[in-house]
Colleague: 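Structure in structure tokens, see below.
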Amino acid sequence: IGDADIVFVFSTCWTKDMMSSLAKCIGRQCKPGTIAITTEFLMPLSGAIEPVEDDPDIPHGEYEMELVEKLDGYCSVTGGISTANIHRVVWLLYNKGMVGPSRIGVENNS
């Protein structure tokens with residue numbers, strides 16, 4: 001997913017652990033400014049990714065996202081109102097094949 005500009009996950013039935021794993025995946029692989037949309041549940045907006053024991057070259061450290069907006073609307077799959085949570089990657093670990101952190105400011109993401 002590292003090349004994605006937008007990631008959508010229909011996460012209505014996901015657990016808290018699954019949302020945490022998704023956030024770490026996005027924090028490790030996606031570029032600054034990537035938009036991640038989840039349904040019903042927020043991803044953790046920040047956290048730390050542990051090093052991979054067998055491969056120290058895989059990025060690890062802290063990541064940060066921000067909640068841009070929450071939108072409610074009818075969803076025929078759930079049969080009721082569903083919430084879309086729009087997150088934006090602010091601080092991440094991996095950018096275009098380079099190991100190391102990158103940061104984007106809100107003012108740079110227009």
Side-chain angles (χ1 to χ4, degrees):
I1 66 172
D3 292 333
D5 294 320
I6 299 174
V7 176
F8 174 78
V9 179
F10 189 77
S11 56
T12 300
C13 296
W14 284 34
T15 66
K16 186 176 180 178
D17 287 342
M18 292 168 76
M19 295 302 288
S20 180
S21 293
L22 175 64
K24 288 178 181 180
C25 179
I26 290 171
R28 187 187 303 260
Q29 297 180 45
C30 291
K31 59 188 177 267
T34 298
I35 299 294
I37 303 168
T38 61
T39 56
E40 308 316 326
F41 304 109
L42 293 172
M43 289 186 289
L45 297 178
S46 63
I49 300 171
E50 299 298 320
V52 175
E53 192 173 312
D54 296 336
D55 193 346
D57 292 332
I58 294 178
H60 57 277
E62 297 180 4
Y63 69 89
E64 179 184 340
M65 290 183 251
E66 64 183 348
L67 180 63
V68 177
E69 191 169 357
K70 291 177 90 167
L71 300 169
D72 292 329
Y74 180 78
C75 177
S76 62
V77 175
T78 63
I81 300 298
S82 185
T83 301
N85 302 292
I86 304 171
H87 309 78
R88 180 175 29 222
V89 175
V90 176
W91 175 258
L92 67 142
L93 304 170
Y94 187 74
N95 189 18
K96 294 191 179 183
M98 303 293 290
V99 175
S102 298
R103 180 177 284 280
I104 187 169
V106 174
E107 67 279 357
N108 295 331
N109 194 32
S110 45

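The analysis underlying the following values was restricted to heavy atoms, covering all of them including side chains, and did not include hydrogens, waters or symmetry mates. This one's a predicted model, so the numbers in the text were calculated from it and none came from an experiment.
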Colleague: Within the 3.5 Å criterion, strictly below it, is a donor on Thr39 or Thr12 matched to an acceptor on the partner's side chain?
Modeller: yes

Colleague: Kindly write out the residues that satisfy side-chain hydrogen bond (donor to acceptor under 3.5 Å, both in side chains) with Thr38, not counting sequence neighbours, or none if the list is empty.
Modeller: none

Colleague: Is there a side-chain contact between Thr34 and Gln29 in this structure, where contact means two heavy atoms from C-beta onward sitting under 4.5 Å apart?
Modeller: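 A side-chain contact is absent here, since even the closest heavy-atom pair is not under 4.5 Å.
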
Colleague: Holding to side-chain contact (heavy atoms from CB on, under 4.5 Å), I want the full list of residues that pass it with Glu53, two or more places apart in sequence or in another chain.
Modeller: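 Residues passing side-chain contact (heavy atoms from CB on, under 4.5 Å) with Glu53: none at all.
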
Colleague: Can you pull the salt bridge (Lys or Arg N to Asp or Glu O under 4.0 Å) pairs that have at least one residue in residues 3-15, sequence neighbours excluded?
Modeller: Asp5-Lys31

Colleague: Please identify each residue that fulfils side-chain contact (heavy atoms from CB on, under 4.5 Å) with Asp17, with sequence neighbours left out.
Modeller: Thr15

Colleague: How close do Ile26 and Ala36 get, heavy atom to heavy atom, and via which atoms?
Modeller: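 Smallest interatomic distance, heavy atoms only, reads CD1-CB, 3.8 Å.
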
Colleague: Can you name the residues that form a side-chain hydrogen bond (donor to acceptor under 3.5 Å, both in side chains) with Ser21, not counting sequence neighbours?
Modeller: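 In terms of side-chain hydrogen bond (donor to acceptor under 3.5 Å, both in side chains), with neighbours along the sequence ignored, Ser21 is linked to no residue.
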
Colleague: Test Leu45 against His87 for side chain to side chain contact (heavy atoms under 4.5 Å, CB included), laying out the working first.
Modeller: CA-CA 8 Å; Leu45 297 178; His87 309 78; 3.7 Å; yes

Colleague: Partners of Ile6 by side-chain contact (heavy atoms from CB on, under 4.5 Å), sequence neighbours excluded?
Modeller: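 Partners of Ile6 by the side-chain contact (heavy atoms from CB on, under 4.5 Å) criterion, ordered by chain and then number, come out as Ile35, Ile37.
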
Colleague: With sequence neighbours left out, write down each residue that passes side-chain contact (heavy atoms from CB on, under 4.5 Å) with Pro44, or none if nothing qualifies.
Modeller: Ser20, Ala23, Tyr63

Colleague: Give every donor-acceptor pair under 3.5 Å between a side-chain atom in residues 67-75 and any protein atom, sequence neighbours left out.
Modeller:
from  : atom 1 : to    : atom 2 : distance (Å)
Asp72 : OD1    : Thr83 : OG1    : 2.5

Colleague: Looking only at non-hydrogen atoms, find the nearest pair between Trp14 and Phe10 and report the distance.
Modeller: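 Smallest interatomic distance, heavy atoms only, reads NE1-O, 3.8 Å.
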
Colleague: To the closest 0.5 Å, what do you measure between CE (Met18) and SG (Cys13)?
Modeller: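 One gets 9.0 Å once the value is rounded to the nearest 0.5 Å.
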
Colleague: Take Glu40 and Ser82, measure what side chain to side chain contact (heavy atoms under 4.5 Å, CB included) needs, and give me the verdict at the end.
Modeller: CA-CA 6 Å; Glu40 308 316 326; Ser82 185; 2.2 Å; yes

Colleague: For Ser11, give me all partners under side-chain hydrogen bond (donor to acceptor under 3.5 Å, both in side chains), at least two apart in sequence or on another chain.
Modeller: none

Colleague: To the closest 0.5 Å, what do you measure between CG (Asn85) and CE (Met43)?
Modeller: 8.5 Å

